[in-house]
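So that the names make sense, note that chain A is the first sequence line, chain B the second, and so on, each numbered from 1.
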2 protein chains.
Amino acid sequence: MTVTLADVAARAGVSSATVSRVLNGNYPVAGSTRERVLRAVEELEYVVNGQARGLAAATSDLVGVLVNDIADPFFGILASAAQTEIARGPREGVAAGGGKLAVVCNTGGCPEAELTYLTLLQRQRAAGVILTGGTAERTGHTRAVTAKLARLTADGTRVVLCGRPPLTVDGGATTTTLAFDNRGGAQRLTEHLLSLGHRHIGYITGPDDRTTTRHRLEGHGAALTAHGLTADAARLTAGGDYDRRAGYAAARELLDRAPELTAIVAANDTAALGVCAALRERGLRVPQDVSVAGFDDLPFSADAAPALTTVRLPLHEAGAWAGRLVMDRESAPPGGVATVAAELVPRASTAAPGAS
Amino acid sequence: MTVTLADVAARAGVSSATVSRVLNGNYPVAGSTRERVLRAVEELEYVVNGQARGLAAATSDLVGVLVNDIADPFFGILASAAQTEIARGPREGVAAGGGKLAVVCNTGGCPEAELTYLTLLQRQRAAGVILTGGTAERTGHTRAVTAKLARLTADGTRVVLCGRPPLTVDGGATTTTLAFDNRGGAQRLTEHLLSLGHRHIGYITGPDDRTTTRHRLEGHGAALTAHGLTADAARLTAGGDYDRRAGYAAARELLDRAPELTAIVAANDTAALGVCAALRERGLRVPQDVSVAGFDDLPFSADAAPALTTVRLPLHEAGAWAGRLVMDRESAPPGGVATVAAELVPRASTAAPGAS
DNA sequence: CGGCGCGTGGTAAGCGCTTGCTATGTGGTG
DNA sequence: CACCACATAGCAAGCGCTTACCACGCGCCG
């Protein structure tokens, strides 16, 4: 049924070794022979069997990309950029060949799923793995992931972390990491609100145990402290998730609890959208009555009404960078870790309190 | 370096065949033997080599998912839902095992890339392929894709089309298809505007040669015709792409060309956002001065201000359905083709013209 | 003019796993 | 008590490809 190397060889009147050599182009083959082979390949519509090739040559055409949820634009953009780099060979464009296939895995933020996917990728002897986004902070899990990654690395799989804090492996070695400056970004964002004159700032957090959540909250706290304010966490923070619903619910909770609020910082842009909805519903204007800020600078944020003040993470660039790193097309940053800057983007959703 | 079946066999004091059988569980193995083997697997941290297994058993753990761009929420949602189904085994959750890996390929809407990816997936002997979204309408390309898909099908790869029109293969066979009712949805949307009293309706199209673009435009035209209006295409349509920029640019063009417009229908929600931005910029209010409508009902549409009238495509459901179909967990719809309904969702961005 | 080296192509040994077939030991049955 | 059937386990032949190693023939140099 399916055409094999041997079929092509027979048709071209050469041995299968020769066909293999023509196809891989890493061994001298006379021009006339090469042509005969290529013609046979054409005629038979031969397509190499990747599994067999991988087995024989101990290589793989797969690169794993672990994300929380690919439907979330944050991860979508990251993955899209990474995929493009992974598919691109050394030359331009997918069509030129030489690229690999990106296996996207939705972990849903679930630690077990993360490990399961890593094992699945290990099964396929993936050439590389990119882990994106923050991760759960549970010692057991961190240890398990570290061990798994060490194993993968030992087996020759390139591992890149993108948007999560560096992980120190036993040997002291560090897997290549692109960390986002969540703390610094959050700090600058809150400073922006403080400098506008806000003193009662609510904060809506992401899921409890995530590194990203913690870092952003820490940045927020640092800014408050620097201004001599104490973060009244119990009263002024609420949260739960990085989605619209959570932002909406948390905003309502916060407004009930602390009506004096003049600004709300959301865990990310998506949640900020929910916050805006909650404010609108209560008849509060943004930014005249309450300022709102997000994080990430997702595409829709610039188009929201009012346009959302946020912190820009260069997701596309970071994803592409991670892609190049995992493809070994670029050398790792010194020390194995690079911090990706998070830039404050002030827009219309924040203003001085009481401004009409 | 890496542990093989033979290593496990040696450690357990059995033959590698027995280990294989324990691991695959499709052949009787005595309880005591099984336990010994499993212990050895544990101790050695053995992970089966997927390539070797695939080669020997003529199976594959990969399913391809072709999308235009995974960063676009339309495809992100589709892919996310599909991925989840693909990863899920017959039982619940990823961790239970039995699932496959989703290979996501960004074609960028480029026909050549589409073919290249199909070949790459064919190389890997993928268990299945899902092609999502509209496709370019070029005879050469359609023929090439059809041929490729026929080939894949013949090789045992399950092919599912999701969100694109059915493709008739030579033999009269039809690959399983979930088509979106773009035409009907667009028609109902324009009817909605007409029934509000609009008579001067602008239309912003997607890329020229895409099926989706054509179908939506046809639905729009059908609604106008049914109302005895002639679509003055030259004057009242503009467009270019399914993104914000295109919507913005096209809206400006349209407003310059036909200031009498009281409503604008955009190719999709993303473009509609650009339209709103252009209107705001000109000091036109939505919907008082100009009504705006989108298509797809992407998550942000409900949160836009004003909330966007649109046509809901059940992307999540469709993606999950495609996933189940490609995994052969559900039988194909009668005739191999199912049409996914597109439901009008009237929201605040459309109102009667002249209403203040 | 003989031999050496290089440019080519073939041979065959795996890569790590699955699986059809065979071999063995046990219990049940006539 | 002999025989057969069944439950297990092993043997070995591939799956389709890569690649180390060898063979061959030609041109060239000494």
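- Position along DNA chain D of the nearest nucleotide to A/V3 versus B/S16 favours B/S16 as the more 5'-ward residue.
- Annotation: of the two residues near DNA chain D, A/T2 and A/Y27, the 5′-most nearest-nucleotide partner is A/T2.
- Ion pairing of B/E114 with B/K148 is absent here, as no side-chain N (NZ or NE/NH1/NH2) approaches a carboxylate O to less than 4.0 Å.
- Summarising the geometry, the separation between CZ on B/R36 and P on D/dT8 is reported as 14 Å, rounded to the nearest angstrom.
- The side chain of B/A17 approaches D/dA12 more closely than any other nucleotide in the set D/dT18, D/dC17, D/dA12.
- Looking at A/D155 and A/R125, no side-chain N of the basic residue comes within less than 4.0 Å of a carboxylate O on the acidic one, giving no salt bridge.
- Distance, B/Q124 CD to D/dC17 C1': 13 Å, rounded to whole Å.
- Between the P atom of C/dT18 and the CZ atom of B/R53 lies a distance of 5 Å, rounded to the nearest Å.
- Of the side-chain N and O atoms in A/N49, none sit less than 4.0 angstrom from OP1 or OP2 of D/dC15.
- The side chain of B/S15 lies closest to D/dC11, out of C/dG16, D/dG16, D/dC11.
- Of the two residues near DNA chain C, B/A57 and A/A57, the one whose nearest nucleotide lies more 5' is A/A57.
- Atom CG in A/D61 sits about 18 Å away from atom P in D/dG16, given to the nearest Å.
- One atom, CZ of B/R123, and another, P of D/dT18, lie 10 Å apart when rounded to the nearest Å.
- Dashed line: the shortest gap from a side-chain N or O of A/T18 to OP1 or OP2 of C/dG9 is not under 4.0 Å.
- With rounding to whole Å, A/L5 atom CG is found 13 Å from C/dG10 atom P.
- Taking a cutoff of 4.0 Å between a charged side-chain nitrogen and a carboxylate oxygen, B/E137 and B/R164 do not qualify as a salt bridge.
- Counting to the nearest Å, the P atom of C/dG14 and the CD atom of A/Q51 are 23 Å from each other.
- Checking each of A/L66, A/V65, A/N68 against A/F75 for a side-chain contact (heavy atoms from CB on, under 4.5 Å) leaves exactly one that passes, namely A/N68.
- Between D/dT19 and A/S20, no contact under 4.0 Å exists linking OP1 or OP2 to a side-chain N or O.
- Note: CG (B/N26) to C1' (C/dT19) measures 9 Å, nearest angstrom.
- Under 3.5 Å, the side chain of B/R125 and the base of D/dG16 form no donor-acceptor pair of N or O atoms.
- When distances are taken from the side chain of B/L55 to each of C/dT18, D/dC15, C/dG9, the shortest belongs to D/dC15.
- Between A/E42 and A/R39 there is no salt bridge, since no side-chain nitrogen of the basic residue lies less than 4.0 Å from a carboxylate oxygen of the acidic one.
- Of the two residues contacting DNA chain C, namely B/R21 and B/V48, the nearest-nucleotide position lying further toward the 5' end is that of B/V48.
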